[in-house]
Amino acid sequence: MVAVTFPDGARREYPANTTGLDIAKGISPSLAKRTVAMALDGVSMDLADPIEQDAKIEFLTRDDPRALELIRHDAAHVMAEAVQALWPGTQVTIGPVIDNGFFYDFHRNAPFTPEDLPVIEKKMREIIAKDAPFTKEVWPREEAKRVFKDKGETFKVELVDAIPPGQDLKIYRQGEWFDLCRGPHMTSTGKIGNAFKLQKVAGAYWRGDSNNPMLTRIYGTAFAKQEELDLHLKQIEEAEKRDHRKLGREMDLFHFQEEGPGSVFWHPNGWTIFQEIVAYMRRRLKGDYREVNAPQLLDKSLWETSGHWGWFRENMFMAQSAGDHTEDERVFAIKPMNCPGHVQIFKHGLRSYRELPLRMAEFGVVHRYEPSGALHGLMRVRAFTQDDAHVFCTEEQMADECLKINDLILSTYTDFGFEGDLTVKLSTRPEKRVGSDEAWDHAEGIMQEVLQRIAKSNNRIKTAINPGEGAFYGPKFEYVLRDAIGRDWQCGTTQVDFNLPERFEAFYIAADGSKKAPVMIHRAICGSMERFLGILLENYAGHLPLWLAPVQAVVTTITSDADDYAREIHAACIRAGLRAELDVRNEKINYKVREHSLAKVPALLVAGKKEAAERTVSIRRLGSDGQQVMPLDAALAALANEAVAPDLRRVQNAA
RNA sequence: GCUGCCGUAGCUCAGUGGUAGAGCACUCCAUUGGUAAUGGAGAGGUCGAAAGUUCAAUCCUUUCCGGCAGCACCA
């Protein structure tokens, strides 16, 4: 006998191997009918699974949040059946549930096209309508291999081989069709419902390895209810609307063109935002950091010493004299990182322990040859500006420096309006690395301790470990912020480096007169300024806070009678330190409002005859329909106050 | 880099084996209007590049360049 505890706390005994379905039926046929799966002690299972030991049971309906995964997984199976029915000879591989849906990878000579998707969807609806039960069988390993081999499913044979010995090989059937799968599944295909959609086709490497053949992947999503699916599709649309590449065009911020793949042409508006961010960072560095600038082009030998030529070469640009008749054959690399340059500055002259920690910052432009397929607007470029810094310190100072950096990173994100969850991930030693295991043990140990202190210091912070994701020269923290629509972005990083100073034989004179290698901490807050700007744009959907907006106000007129007054307002805006433009074009006010609204100008200062007579201004704020008439002086004072950067406001408030 | 799709005016996109079209933007003219598109006229393109097939290529083929989605990568 097994004892089963129900959600209401009731406990009943059943003969061993009674199934969940038996129990549900025993309670009521309607319960059995609407139950799609069960959870035993919180673990989702097939409803038809026998209950082998005492457990808490829950019957999952379609509406249970835990059933969503099952709906999607079942949909993936049905999609695979549909595809094989439509295109016999297509091999199936794997089809897992992912964050917002599911996919299934197929092997087929001709890839799928988007036009195939509605056809597959139609077939899926037919299969779902048949409502065939999902049934599970456990097959002997050899039989499974033979069956799949006979069917020509060579990828499945590989999957069977990959299942650790001793584990059951489960086969799920739905009508005629079956698939190797670890389950669980719902009771029948009809439970999937019709709130699903196939979204896109894409290539994907077999087992995620770029050495393997490429399969065709079909992505889809499914929900319990049509309204949920509609909402989800709507959200995707919304996210597309705030695509920074689109906003960049609309707001006239930047552009890309063929001759400079992955390199940004910054327009005046975009560069204004960029410089505003840099100015903010500079203010935050004041007092602690010294800003430097290291060469863009350095001899290859320096990169050999640093290890980049060995480890990073694929991502580096090389440069030589372009002259036809030059005898100078020297090979230079365009810097992909600032650190070797900073070590040279550290090394110039004798350093004393008294100078440590020595914090060296640079808004350095680095170039990296990123794979063409990785390029993506401002988010992934080949030339970008890092808000980079290197802290040279003693080992004893290291933990404190990491914490100090942590404070700077957190407050910076808050100032830029990222107030949601933050994750700090510790990335540990990668396979390709320099330095001894002892050095790595040591560095990771310290980082681990710091991570715990960071976690305790602030309840916004979640922590995680990324095994094997560290830099080739040392472990690192990665700071991941969450934007307004819930997407995570890795921006800041703190990396501990015991290697580079040693490679360059950098040292300082310690208190006892001996030479010691400093510890080097690499640190970035925004990471890439270009990317950070892109993230900001998407976070705010282009509606930047006033202090970041490239054009903070446009002064415009109802009729040309007010032109002179508008000029006066504009001049007053400039005096008040606002980035303001004047628009006295002979256009209707509707037209001008529309145009500046589309350009995401935060404040529109409108002057007509009435305003000119009363020395007021009609203010229309981006995103609101109405307007407010205010005395000019008061309006400008309010705007100027709003435009104060958050860090400067802190200073003001403290005074 | 890989797979698929795409590349026509500044932007968004039609279109055809016989060297091109719309809307918006731009220029000019008229219009002086109260908060998301005033009307008219004009100008604007080696149809991504090169080679090939063809009497003829923007259209078909190949290669290259660039973009998009996903995968891989993000040291």
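Below, chain A is the first sequence line, B the second, and so on; all start at residue 1. Values in this document were obtained by computation on a predicted structure and should not be read as measured data.
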Base B/U32 to side chain A/T557, donor-acceptor N/O within 3.5 Å cut-off = no
Donor-acceptor pair (no angle test) under 3.5 Å: A/T216 side chain, B/U3 base | no
Please classify the nucleic acid contact of [X] as base, sugar-phosphate, or nothing, using heavy-atom distances under 4.0 Å.
X	answer
A/L604	nothing
A/R380	base
A/F312	base
A/T113	nothing

Looking at [X], I'd like to know whether one of its side-chain N or O atoms comes within less than 4.0 Å of OP1 or OP2 on [N].
X	N	value
A/K476	B/A75	yes
A/Y369	B/C73	no
A/N590	B/A36	yes
A/R368	B/C73	no
A/H376	B/A69	yes
A/Y591	B/G39	no
A/R245	B/A69	yes
A/S372	B/G1	yes
A/R620	B/A36	yes

Candidates B/G7, B/C26, B/A72 - which lies nearest the side chain of A/Y205 = B/A72
What do you reckon, is CD of A/E314 surrounded by more than 12 foreign heavy atoms closer than 6.0 Å?
-> no
Which one of A/R487, A/K241, A/R245 satisfies the side chain to side chain donor-acceptor pair (under 3.5 Å) criterion with A/E538?
-> A/R487
Ring centers of [X], [Y] separated by less than 6.0 Å:
X	Y	answer
A/F498	A/W440	no
A/Y473	A/H522	yes
A/F223	A/F196	no

Integer angstrom distance from the C1' of B/C65 to that of B/A50 = 10 Å
